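No hydrogens, no waters, no symmetry mates; every other heavy atom, side chains included, goes into these values. Computed from a predicted structure; not experimentally measured.
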Amino acid sequence: MSFLPFIFANPLMLAALVALPAIWWLLRMTPPKPVTEVFPPLRILASVLKREETPSKSPWWLTLLRMLMAAAIILAIADPVFNPRSNTLAGNGPLALVIDNSWATSTDWQRRVETADALINDAEERDLPVSVVFTADQDHNAVPGSALSARNRLAAAAPQPLRPDRAAAVNALKTGLDGTAPGTLAFLSDGIAAADGKITAELAALSPENFRLIEGKDQAVAISNSANDAEAMVVSATRLDTTAARTLPITAYDTRGRAIANGSVAFAAGEGVARGTLAAPFELRNDFARIAIDGAATAGGTFLLDDGFRRRRVALLSGEARDQSQPLLSPLYYINRALAPYADLVQPNEADMAVSIPELLAQKPSMLIMADIGRLPEETYAPITKWIENGGTLVRFAGPRLAAAPADDPLVPVTLRQGERALGGALSWSEPQPLADYPALSPFAGMPKPQGILVKRQVLAEPTADLSSRTWASLADGTPLVTTKTQGAGRIILFHVSAEATWSNLPISGDFVEMLRRSVQLARSGGVASDGTAKGQTLAPYRLLNANGMLISETGKARPLDIAAGTTPVSSAEHPPGLYGSEEGFTALNLLPRDTELKPIDARGLSIPYTSEPLIGAEAWSLKPWLFAAALIMLLIDSAVVLFMGGAFARLRMPAAPAIALALAAGLLVAIPGQSLADDSKPGDDIILRQLDKTHLAYVITGEADVDRLSERGLAGLTEFLTYRTTLEPGPPIGLDIASDELAFYSLIYWPVSANAPMPSPAAISRIDAYMRSGGTVLFDTRDQFSSLGSDSGSSPNSERLQAILADLDIPPLEPVPTDNVLTKSFYLLSNFPGRYNGSPLWIEAQPDNGSQPTGRPARSGDGVSPIMITGNDFAGAWAIDTNGMPLLPTVPPDEQQRELAFRSGVNIMMYMLTGNYKADQVHIPALLERLGQ
């Protein structure tokens with residue numbers, strides 16, 4: 001091969017270029033033929049005053065044209081030949097060819113074959129043995145042989161969808177040469193440096209007399225990673241040539257090979273790594289099967305996707321009200337922040353779980369997360385169980401409600417003890433417990449050892465024989481922290497701590513994000529995820545990627561792929577890139593490890609001299625035909641110019657250009673009168689507007705006339721008391737049918753419990769549960785001086801009816817109103833809450849005591865109020881008045897001061913409902929005033 005771009009087959013003919021000045025002189029002195037005019041009288045008259053002129057030389061541009069034509073003919077006879085070849089092999093040893101047949105050579109493989117074949121022909125001319133090794137092949141025969149044998153091996157070789165194993169090829173070459181130094185060693189590389197970067201030094205160590213590095217001009221590009229983010233599929237790509245800016249178009253294909261989305265990756269000048277996006281809806285992105293770079297038909301330019309890259313839809317459900325004023329204490333806050341980058345999150349529009357759960361399941365989520373939910377509506381257990389058995393994943397987080405739930409809950413993976421384990425409790429630690437190392441069979445295996453995570457409270461699992469096998473994470477004392485159970489094709493997972501930071505600091509740690517991400521990757525329709533979530537499985541090759549980036553069914557010598565805990569499979573000759581598994585489920589093994597960056601081979605600092613050469617491409621080709629063609633074209637142009645100047649076209653008249661008429665049409669814009677807007681109001685809107693004009697006290701219509709009349713008169717008396725004693729002026733009280741009326745208009749609903757009234761339907765109970773979950777409060781009044789919540793001794797029929805109603809509600813733990821609760825000071829200062837009777841405490845939601853303060857009760861968890869109140873003191877009986885404002889019923893014992901305190905209790909309850917724990921914040925005023933005084 002020659003280092004010149006071309007040579008002349010007949011270089012002596014270039015001496016004729018010396019004659020070009022003589023040709024120029026002759027052409028300049030040759031005048032054009034005089035113009036012959038016909039007899040036009042007017043033209044003769046116009047030219048009689050002109051002196052007769054005769055051209056003495058040719059125009060300069062015509063002379064230049066003729067000189068170029070003469071030069072083209074001389075160069076054509078000299079026969080310039082591009083891509084010439086010359087035999088420059090060293091004759092003191094065999095020819096050694098080290099040829100990369102990796103994925104990056106598939107686009108210019110034929111040129112590489114032609115280059116290698118030319119070198120083999122040169123060796124055959126000099127009768128030199130040839131040794132050939134291919135770096136992507138598993139079997140090597142590097143013993144020098146005949147040129148015919150090397151040519152046959154070259155013809156049988158093909159690019160492989162693998163990275164080159166150059167170390168094995170060099171070792172085979174050393175063995176084959178058996179200490180003989182090669183005369184010429186040619187390395188036909190793909191231009192990509194290996195991780196160790198020692199290939200050129202290892203080849204130079206063979207001490208060849210002539211060392212050549214031959215690379216192609218086609219620079220490699222590859223996709224190194226892909227992530228299904230919230231808005232689009234983000235694709236990372238890398239390239240070898242970083243000299244200029246470049247934009248690569250990318251396309252996403254489905255399982256049938258149809259293009260369903262397009263995007264691009266833009267590289268700036270000097271950048272070897274860039275990112276692009278494939279914008280598509282969530283459902284369409286989940287249909288992506290592979291992503292390919294357009295125009296780069298290689299295994300590296302194709303990125304395979306499996307179920308592990310699909311973005312899951314996760315439904316979120318909480319036992320707390322959604323309108324928390326302090327979001328950091330919301331059970332779903334940290335779950336939202338952890339899963340938003342990895343999943344499509346959906347939440348119910350209805351607070352009624354009997355309605356919201358079927359709606360969520362209808363959206364076909366991969367995972368359902370329930371944070372601190374104890375009881376579910378009875379009719380929801382069957383659809384949730386069926387959804388799990390069909391492949392869904394249910395994740396539950398503990399909390400006060402779950403701790404108080406029945407022990408026979410079918411939607412927990414292990415049997416739970418009643419109550420919870422906390423610092424200072426009956427089942428308590430002496431100090432908060434850290435996490436132990438994650439078990440080897442857990443999907444959390446491979447995560448760094450948990451540091452700084454402490455658990456102060458949790459729900460406990462009953463010890464069973466299979467508890468350890470169901471445990472994914474545990475505390476240092478062996479107590480399970482995360483447990484699981486397989487149910488049908490799905491799974492149930494339980495975190496034994498709350499989803500917010502009151503029970504532990506796990507939700508504010510990085511381990512929490514990784515735990516949820518790996519749990520979401522488990523939620524799939526079938527098969528095995530690509531990030532090692534299926535532990536200890538061996539998957540047979542299903543479809544493999546060829547060098548051109550296409551999936552083929554031929555598996556060849558590929559071995560099954562082992563999915564081990566904490567390890568990421570890497571493609572190799574035994575495990576080529578492709579899909580492993582079966583049609584029911586598979587994992588994708590891509591060619592390059594994630595976030596690989598292509599780097600060029602660096603041959604600087606070698607101990608021996610070397611030459612860098614390009615591929616020769618096709619055979620040598622001559623420029624003679626193109627030069628003769630150019631000379632012919634210039635000859636035709638010269639002939640036309642001479643004819644024109646000689647007057648050959650004088651009598652030809654050009655036809656007049658036809659006139660083009662443009663017709664413009666104007667249309668009249670007809671104004672179409674618009675229709676009047678239809679009335680958007682709906683039936684019943686006038687009733688809603690009347691109910692929203694003022695605050696109304698509401699009571700439950702039980703169906704008993706006496707009870708309902710007393711409730712109406714009691715709330716009317718409290719309304720009148722509020723009007724005269726406070727700035728609140730409520731409207732008339734309203735009776736509610738909890739099975740059909742809208743409950744969201746009322747902040748407090750008074751429910752007089754009566755054993756003689758019909759039992760509310762499950763649908764009505766679900767509506768009350770949704771009302772309480774959305775921030776409303778129900779005041780249950782058994783009117784029987786109820787004094788021992790949950791006790792069987794001395795219970796009345798009304799209290800038994802209350803227990804039956806509460807059994808179907810998901811209520812939090814309860815406690816009597818503490819002495820420092822905001823209810824005792826929201827308007828009046830009260831120590832108890834009497835009604836017609838004065839023996840029953842007022843029960844509200846228990847506030848957690850997490851030990852954050854050394855003395856006294858801790859700060860409240862939020863500005864929300866208790867969703868439930870229970871009393872037996874018959875508030876309505878004490879408040880009830882007739883039309884003249886006189887009490888209807890006496891207090892027991894008769895005492896007008898007790899009636900006054902009953903009205904004040906009602907005022908405090910209403911102010912508590914309307915202002916929350918605003919009054920509790922007044923305890924900070926002294927400290928604030930002191931600081932302002934400073």
Side-chain angles (χ1 to χ4, degrees), residues 221-239 247-255 259-267 271-294 296 299-314 335-345 365-367 443 446-447 510 512-525 527-534 545 549 567-571 577 579 586-598:
V221 292
I223 298 177
S224 58
N225 200 0
S226 179
N228 199 349
D229 285 354
E231 301 298 332
M233 180 75 76
V234 179
V235 179
S236 300
T238 177
R239 62 172 179 166
T247 299
L248 298 178
I250 54 176
T251 303
Y253 300 88
D254 62 7
T255 54
I260 55 179
N262 299 98
S264 63
V265 178
F267 292 90
E271 268 188 350
V273 177
R275 303 177 68 186
T277 58
L278 287 165
F282 159 75
E283 293 80 5
L284 190 61
R285 279 183 276 129
N286 278 353
D287 290 335
F288 290 179
R290 61 184 174 94
I291 302 172
I293 300 176
D294 297 347
T302 301
F303 195 85
L304 301 177
L305 304 174
D306 56 17
D307 193 70
F309 289 90
R310 295 181 181 176
R311 191 173 178 87
R312 272 69 167 174
R313 173 167 288 162
V314 178
I335 298 176
N336 267 294
R337 298 294 296 271
L339 289 182
Y342 309 109
D344 181 46
L345 305 180
S366 299
M367 175 180 286
M447 291 174 53
F512 186 73
V513 177
E514 185 64 16
M515 284 179 174
L516 287 181
R517 188 189 71 82
R518 296 195 180 198
S519 299
V520 167
Q521 292 300 323
L522 283 176
R524 51 180 291 125
S525 57
V528 182
S530 66
D531 58 347
T533 54
L545 205 64
T567 61
T568 301
V570 178
S571 64
L579 305 178
F586 49 79
T587 183
L589 179 63
N590 285 291
L591 172 69
L592 301 178
R594 290 187 177 181
D595 301 324
T596 296
E597 184 174 355
L598 301 182

Notebook entry, point to check: Which atom pair, heavy atoms only, marks the closest approach of A232 to A279?
Noted result: CB-CA, 3.9 Å
Next item on the list: Working to the nearest 0.5 Å, report the span between CZ of R239 and CG of L248.
Entry: 7.5 Å
Item checked: Main-chain N/O of N262 paired to T251 side chain as donor or acceptor, under 3.5 Å -> no
Notebook entry, point to check: CZ/F309 to CD1/I291 distance, rounded to the nearest 0.5 angstrom?
Noted result: 8.5 Å
Check: Any idea which heavy atoms bring A296 and V221 closest together, and the distance?
Finding: CB-CG2, 3.8 Å
Next item on the list: Might you point out which heavy atoms bring L339 and V520 nearest each other, and give the distance in Å?
Entry: CD2-CG2, 3.6 Å
Checklist line | Which atom of A292 lies closest to which atom of Y253, heavy atoms considered | finding: CB-CE1, 3.9 Å
Next item on the list: Report the C-alpha separation of V235 and L278 in whole Å, then their side-chain angles, then the decisive distance to 0.1 Å, and conclude whether the side-chain contact (heavy atoms from CB on, under 4.5 Å) test is met.
Entry: CA-CA 8 Å; V235 179; L278 287 165; 4.1 Å; yes
Next item on the list: Hey, could you give me the OG1/CD1 distance between T302 and I223, rounded to the nearest 0.5 Å?
Entry: 6.5 Å
Next item on the list: Determine whether N590 and P577 make a side-chain contact, defined as any pair of heavy atoms from C-beta on separated by less than 4.5 Å.
Entry: no
Notebook entry, point to check: Can you find a pair of side-chain heavy atoms, one from L579 and one from L304, that are under 4.5 Å apart?
Noted result: yes
Margin query: On a heavy-atom basis, which atom in N286 and which in N228 lie closest, and how many Å separate them?
Written below: OD1-ND2, 3.6 Å
Note to self: Return the OG1 to CG distance between T238 and L598, rounded to the nearest 0.5 Å.
What the structure shows: 4.0 Å
Note to self: Please check this pair: side chain of R312 against backbone of S366, looking for a donor-acceptor N/O pair closer than 3.5 Å.
What the structure shows: no
Next item on the list: Could you grab the distance from atom CE of M233 to atom CZ of R311, nearest 0.5 Å is fine?
Entry: 10.0 Å
Check: For A299 and L591, which heavy atoms make the closest approach, and how far apart are they?
Finding: C-CD2, 4.0 Å
Next item on the list: Measure from the side-chain N and O atoms of R337 to the backbone N and O of V513, and report whether any donor-acceptor pair falls under 3.5 Å.
Entry: no
Margin query: Do V273 and D595 have side chains that approach each other closer than 4.5 Å (heavy atoms only, starting at C-beta)?
Written below: no
Notebook entry, point to check: So, the side chain of D306 versus the backbone of A588: is there a donor-acceptor pair under 3.5 Å, distance only?
Noted result: yes
Checklist line | Straight-line distance of L345 CG to M367 CE, nearest 0.5 Å | finding: 11.0 Å
